[in-house]
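Shown next, in structure tokens, is the structure this report addresses.
These numbers come from the heavy atoms of this one structure, side chains and all, not from hydrogens, waters or symmetry mates. Just follow the structure's listing: the first ligand is 1, and inside any ligand the first atom is 1.
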Amino acid sequence: MPAFRAPRGTRDILPAEGPAWARLAAIAADLARRYGYAPIETPLFELTAIFERGLGEGTDVVEKELFRLETRGDEVSALRPENTAGIVRAYLEHGMQTWHQPVRLSTIGSMFRYDRPQAGRYRQFHQWDAEAIGDPGPAIDAELVELNARFYAEVGLTEVRARLNSIGDPACRPGYVAELTAFYRRREALIPEGDRRRVATNPLRLLDSKEEALVALNADAPRIVERLCATCAEHFAAVRVHLDALGIAYELEPRLVRGLDYYTRTAWEFYRAGAEGQQQALGGGGRYDGLAELLGGRPTPGIGFAIGLERVILALEAQESPHARPPSPGPAAVVVGADPDDTATRLRIATELRAAGLSVRADLGRRRLGRQLEGAAREGAHFAVIVGDELAAGNVLVRDLEAGTQRTVPLGGLARHIARGEAQHRHGVAAEE
Ligand code: HAM
């Protein structure tokens, strides 16, 4: 047993997983480019007040799961449990209200929640996040739901389902919450003891509980979609018209309330069919028209989503998709040599080839040529560049490790030769697929 392990709820992403992660990041970056969501990076920690005010002090994420940092007394900070509050803080701080609205932003990064670790739930995890700030909708709402859905489609996840709700605004939600509180009060005896305190503090959270007793109770609970004020109802209807126009399928889920207090109106989550528990959401988002004000700015509508990338990889694995573990590409060439001790020449030639843009490794061990060639084949290299007696005349041997053929190539034309061979190889592989 090693003396130390990664902290509970965290995981190392090892080289074999690298290509799968790089692929998700590349797809996210490409979608962000196509949809016009500009990159932003905010700090991994923020003033704790941003999360307390923005996400809500009574939420699980702030009350139980915040990684509060022990600072030396000046700025009370916490690791970010999500990125929306930090992005809206940046929007206000950098005067983005004066930019062309909405400001569309996108980021990928680590989030931290001190939660009980279990499958698909980590203390450090990664999200792809997209936000559009400064547009009240409804069309932009549909743009974001569709972008969220498109990510799953492009990574190769099938059988993904969207659940949609509207959770009202400050005009209609308080009345609904009062009604819901009264509903739970009348049935307090049926509510598990640990949850009773929520009747007063955050009755909305009881709505999407997975506890059996509450699930039974909730079947009769008043539904917010039936209590929306006229403007919220109109907004929701228009979001649905736009989603229908895009051909996005979704289920209406009146109990979907999301776990953060900043949400208003449109809210959604995505699940893999058959894995629809709240803990298994592949991503979700919603509108947060009051968040900028909570953070001290003037009223500014906003909407966005975040996708849990660990959960996407787990879902690809569950689906036995080849994209869960794409192979690591081998180098185009490995430079090997007849003189095991001449590492300097092998390193120099590899360096020149890399400078020409090729992926090349030099065998820097002092093994016999035969062993070096075996190593090159094991790495999945297409070519071995063999440094031998030919070097005196400015040549090397290039062996095509797949075809088993070999030819003498002048050093001056080596990069071109390998680049051409690689291109043909890739083309050939692509044609076979
Ligand atoms: P969220 O629903 O809290 O929303 O998280 C979004 C996604 O992050 C979840 O659906 C899930 O896939 C993933 N996730 C959350 N917690 C964990 C965890 N402990 N381990 C692994 N994955 C996890 C937000 O974070 C909002 N900021 C989304 C948003 C953006 N709303 C508006 N804009």
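A donor-acceptor contact shorter than 3.5 Å links the side chain of Asp289 to the backbone of Gly302. Judged by distance alone, the side chain of Arg205 and the main-chain N or O of Asp60 form no donor-acceptor pair under 3.5 Å. Put simply, the side chain of Gln319 gets close to the backbone of Thr158: a donor and an acceptor are under 3.5 Å apart. Checking side-chain atoms of Asp400 against main-chain N and O of Phe383 turns up no donor-acceptor pair under 3.5 Å.
Neither the backbone nor the side chain of Arg123 has any atom closer than 4.0 Å to an atom of ligand 1 (non-hydrogen atoms only). Contacts between Val61 and ligand 1 below 4.0 angstrom, taking non-hydrogen atoms only, are absent altogether. Contact annotation for Met111 and ligand 1: no heavy atom of the residue comes within less than 4.0 Å of the ligand. Heavy atoms of Arg121 found under 4.0 angstrom from ligand 1 belong to the backbone as well as the side chain. At a heavy-atom distance under 4.0 Å, only side-chain atoms of Tyr263, from C-beta outward, approach ligand 1. The side chain of Tyr262, and not its backbone, has at least one atom closer than 4.0 Å to an atom of ligand 1 (non-hydrogen atoms only; side chain from C-beta on). Contacts of Gln127 with ligand 1, taken as heavy-atom pairs under 4.0 Å, involve the side chain alone.
The Gly285 neighbourhood of ligand 1 comprises atoms 31 (N), with distances under 4.0 Å to a heavy atom of that residue. The Asp129 neighbourhood of ligand 1 comprises atoms 30 (C), with distances under 4.0 Å to a heavy atom of that residue. Ligand-side atoms of ligand 1 in range of Tyr288: 32 (C), 33 (N), range being under 4.0 angstrom from any heavy atom.
Between Phe45 and Arg68, the closest side-chain pair of non-hydrogen atoms is not below 4.5 Å. Under the 4.5 Å side-chain criterion, counting only non-hydrogen atoms from C-beta, Ser106 is not in contact with Asp129. Looking at heavy atoms from C-beta onward, Val225 lies in side-chain contact with Phe236 at the 4.5 angstrom threshold. In this structure, Pro43 and Arg89 have side chains that are in contact, with non-hydrogen atoms separated by less than 4.5 Å.
For atom 3 (O) of ligand 1, the choice among Arg113, Arg258, Gln118 with the nearest heavy atom turns out to be Arg113.
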Donor-acceptor pairs under 3.5 angstrom involving side-chain atoms of residues 239-248: please list them, not counting sequence neighbours.
from	atom 1	to	atom 2	distance (Å)
Arg240	NE	Tyr250	OH	2.9
His242	ND1	Ala238	O	2.8

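For a threshold of 3.5 Å applied to N or O pairs, the pair formed by Glu131 and ligand 1 contains at least one separation below that value. Considering backbone and side-chain N/O atoms, Gly283 comes within less than 3.5 Å of an N/O atom of ligand 1.
In this structure, atom 14 (N) of ligand 1 lies nearest to the protein heavy atom Phe125 CE1, 3.5 Å. For atom 32 (C) of ligand 1, the nearest non-hydrogen atom of the protein is Gly304 O, 3.2 Å. Closest protein heavy atom to atom 13 (C) of ligand 1: Gly308 CA, 3.6 Å. Protein heavy atom in closest approach to atom 12 (O) of ligand 1: Ala281 O, 2.8 Å. For atom 21 (C) of ligand 1, the closest non-hydrogen atom on the protein side is Gly120 O, 3.2 Å. Nearest protein heavy-atom neighbour of atom 27 (N) of ligand 1: Glu82 OE1, 2.7 Å. For atom 20 (N) of ligand 1, the closest non-hydrogen atom of the protein is Tyr122 N, 2.9 Å.
The shell of residues lying under 4.0 angstrom from ligand 1, judged by heavy atoms, excludes Glu310. Asp115 does not count as a contact of ligand 1, since none of its heavy atoms falls under 4.0 Å from the ligand. Residue-ligand proximity: Gly259 is placed with every non-hydrogen atom at 4.0 Å or more from ligand 1.
Here Asp30 pairs with Arg33, Arg34 under the side chain to side chain donor-acceptor pair (under 3.5 Å) rule; sequence neighbours left out.
The structure places CZ of Arg198 at 5.5 Å from OG1 of Thr201, a figure rounded to the nearest 0.5 Å.
Here Phe305 and Trp128 bring their ring centres to under 6.0 angstrom of each other.
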Run the side-chain hydrogen bond (donor to acceptor under 3.5 Å, both in side chains) check on Glu422 and His382 step by step: do they pass? CA-CA 7 Å; Glu422 264 298 277; His382 185 198; 3.2 Å; yes
